[in-house]
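Here is how names work: the chains are called A, B, and so on, in the same order as the sequence lines, proteins then strands, and each is numbered from 1. The figures that follow rest on heavy atoms only: side chains count, while hydrogens, waters and symmetry mates do not.
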Number of protein chains: 2
Amino acid sequence: MRTDSRLPRVLHVLLHLDQTEDPVTSDQIGKMLNTNPSLVRRTMAGLRDAGFVGATKGHGGGWVLSRSLDSISLAEVYAALGSPQLFAVGQSTDAPSCLLEQAANLATSSALEAARETFQEKLGQVTVADLVRPHAQVIRQHQETL
Amino acid sequence: MRTDSRLPRVLHVLLHLDQTEDPVTSDQIGKMLNTNPSLVRRTMAGLRDAGFVGATKGHGGGWVLSRSLDSISLAEVYAALGSPQLFAVGQSTDAPSCLLEQAANLATSSALEAARETFQEKLGQVTVADLVRPHAQVIRQHQETL
DNA sequence: CTGTTTTGTGACTTTAAAAGTAACAAAATC
DNA sequence: GATTTTGTTACTTTTAAAGTCACAAAACAG
């Protein structure tokens, strides 16, 4: 498949929404993301369902933040997107009968699961608001290690 | 793209090769992996170039191990495959001019890079031989934490 | 030497999931 | 009533791996 760019894209959108009071239309967002409004609506649907943004129809409608960005972690954003498949690498067969294949699959998936945990941890340590506070993210992560 | 299953597949093959003295043909391996010999040859090419296996042509030819499996880490196997793309998730644009997009990309790639490091560490801690020594992998990883 | 086995390799098609596109009903505002 | 905008469905395109086909070259068997 193509590279899934939904996470950085919606983060980008959230940061922009935080910079204005007015609703931003899917059309405007589409121009920001260099794509079309239908895809924007589809991609943003998860964030709407999660209560992070609201969408209103008609004249003067569009997308607005409904929660403060410092109350939303990147992990929540990722989850709101439906926790898309993280890895391009995976197991061979799902439930192989060959013991050696099972061992190969187990080793692969163990490493991947460890990587997924790290990914989730990292996302959990950062709020969307942190992204525009240079150094804040670094400090925050440093504190975690103390 | 499809899920990349080369890592578990070649691990599976290496474990099988370790169980016999005789060369194993791409055709036989293809049946093991439920695929065809051409794909086997293409996939195994990296391991051959890395010196982990040797391939001989003609009657009685095929693939044989040329190094002991306890001398090969999973990380080396992954590298021999050309370190295939690990993540299905990626950045939006490569070099965006928008600062907010840069921030979104940086946050995404930071989490991914941390995950990649974990993945590589895990692979580096385990040899192919470990895979068929039940519990050995667990013990080995536990020792790392001491 | 001839025929068979097997690898190495190039060229192509298929697959799967996201991206991208188009269209339109429904809702909200003007 | 006209316009704007979302929500949603259906469809096409993209991308890289998987899968397939074909064949030259090498190695071996007789």
For this session: Find which nucleotide of DNA chain D each of A:K57 and A:R2 is nearest to by heavy atoms, and output the residue with the more 5' nucleotide.
Result: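 Going by which nucleotide is closer to the 5' end, it is A:K57.
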Exercise. For A:T3 and A:S26, take the nucleotide of DNA chain D holding the closest heavy atom to each; which residue's nucleotide lies nearer the 5' end?
Worked result: A:S26
Side-chain N or O of [X] less than 4.0 angstrom from OP1 or OP2 on [N]?
{"X": "B:R41", "N": "C:dT7", "result": "yes"}
{"X": "B:R6", "N": "D:dA18", "result": "yes"}
{"X": "B:N36", "N": "D:dT20", "result": "yes"}
{"X": "B:R9", "N": "D:dG19", "result": "yes"}
{"X": "A:T25", "N": "D:dT6", "result": "no"}

Problem set entry | Counterpart residues, salt bridge (charged side-chain N to carboxylate O under 4.0 Å, His left out), relative to A:R41 (two or more places apart) | none
Exercise. Hey, does the side-chain of A:H59 have a donor or acceptor N/O within less than 3.5 Å of a partner on the base of D:dT3?
Worked result: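 Per atom types, the contact qualifies.
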Problem set entry | Side-chain-base donor-acceptor pair under 3.5 Å for B:S38 and D:dA22 |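 Yes, a donor-acceptor pair under 3.5 Å.
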For this session: Could you point out which residue of A:V13, A:T35, A:V10 forms a side-chain contact (heavy atoms from CB on, under 4.5 Å) with A:I29?
Result: A:V13
For this session: Apply side chain to side chain contact (heavy atoms under 4.5 Å, CB included) to the pair B:T43 and B:R9, showing each step before the final yes or no.
Result: CA-CA 9 Å; B:T43 307; B:R9 277 183 159 183; 5.5 Å; no
For this session: Please work out if A:D4 contacts a base, only the sugar-phosphate, or nothing of the nucleic acid, heavy-atom cut-off 4.0 Å.
Result: sugar-phosphate
Exercise. Contact class for B:R42 vs. all strands (heavy atom < 4.0 Å): base, sugar-phosphate, or nothing?
Worked result: base
Length of the [atom1]-[atom2] vector between [X] and [N], whole Å:
{"X": "B:L86", "N": "D:dA17", "atom1": "CG", "atom2": "P", "answer": "13 Å"}
{"X": "A:N34", "N": "C:dT21", "atom1": "CG", "atom2": "C1'", "answer": "14 Å"}
{"X": "A:D27", "N": "D:dG7", "atom1": "CG", "atom2": "C1'", "answer": "15 Å"}
{"X": "A:K31", "N": "D:dT5", "atom1": "NZ", "atom2": "P", "answer": "10 Å"}
{"X": "A:Q85", "N": "D:dA16", "atom1": "CD", "atom2": "C1'", "answer": "13 Å"}
{"X": "A:W63", "N": "D:dT6", "atom1": "CH2", "atom2": "C1'", "answer": "7 Å"}
{"X": "B:F87", "N": "C:dA17", "atom1": "CZ", "atom2": "P", "answer": "19 Å"}
{"X": "A:L39", "N": "D:dC11", "atom1": "CG", "atom2": "P", "answer": "18 Å"}

Problem set entry | Residues that B:S73 engages under side chain to side chain contact (heavy atoms under 4.5 Å, CB included), provided they are two or more places apart |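 Side chain to side chain contact (heavy atoms under 4.5 Å, CB included) check on B:S73 returns B:A75, B:E76.
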Problem set entry | A:N105 side-chain N/O to A:S92 backbone N/O, donor-acceptor pair under 3.5 Å |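 Yes: the side chain of A:N105 pairs with the backbone of A:S92.
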Exercise. Do any N or O atoms from the side chain of A:T20 and from the backbone of A:L17 form a donor-acceptor pair under 3.5 angstrom?
Worked result: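 Such a contact is absent between A:T20 side chain and A:L17 backbone.
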Exercise. Between A:T56 and A:T35, who's closer to the 5' end of DNA chain C by nearest nucleotide?
Worked result: A:T35
For this session: For A:S5 and for A:G60, find the nucleotide of DNA chain C with the closest heavy atom, then tell me which residue's nucleotide is more 5'.
Result: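 Closer to the 5' end of DNA chain C: A:S5.
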